[in-house]
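A short write-up of the structure that comes next.
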Amino acid sequence: MIFHFHIRKWMGRMRFLLLFVVFTFAMYHMLLMVTRFIEPMPKNTEPAGSAVKVFQSENASESPKVSMGERLKLFYWIGE
């Protein structure tokens with residue numbers, strides 16, 4: 001069995017592999033930039049300007065006592 005080692009052929013393969021890695025890296029970073037551009041704004045940030053945040057978390061002492069079964073039934077009924 002004779003192995004033919006062709007330098008030009010291996011150089012072509014190495015060039016292809018190098019270009020493949022470089023273009024893959026560039027494509028990955030380009031997709032990251034696109035993802036950051038189209039990503040929606042975070043929902044739980046403080047409002048700016050004259051906006052008012054309507055949602056207020058419930059305090060356990062102020063909310064009426066509701067049994068766990070009632071809360072579960074309400075959750076399955078309206079999703080809250």
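Model, not experiment: these values are computed from the prediction.
- In this structure, Glu39 has no salt bridge (Lys or Arg N to Asp or Glu O under 4.0 Å) partners at least two apart in sequence or on a different chain.
- Under the side chain to side chain contact (heavy atoms under 4.5 Å, CB included) criterion, Leu72 pairs with Tyr76, not counting sequence neighbours.
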Please table the atom pairs, donor to acceptor, closer than 3.5 Å between any side-chain atom in residues 12-38 and protein atoms at least two apart or in another chain.
unit_1, atom_1, unit_2, atom_2, d
Thr24, OG1, Phe20, O, 2.6
Thr35, OG1, Leu31, O, 2.8

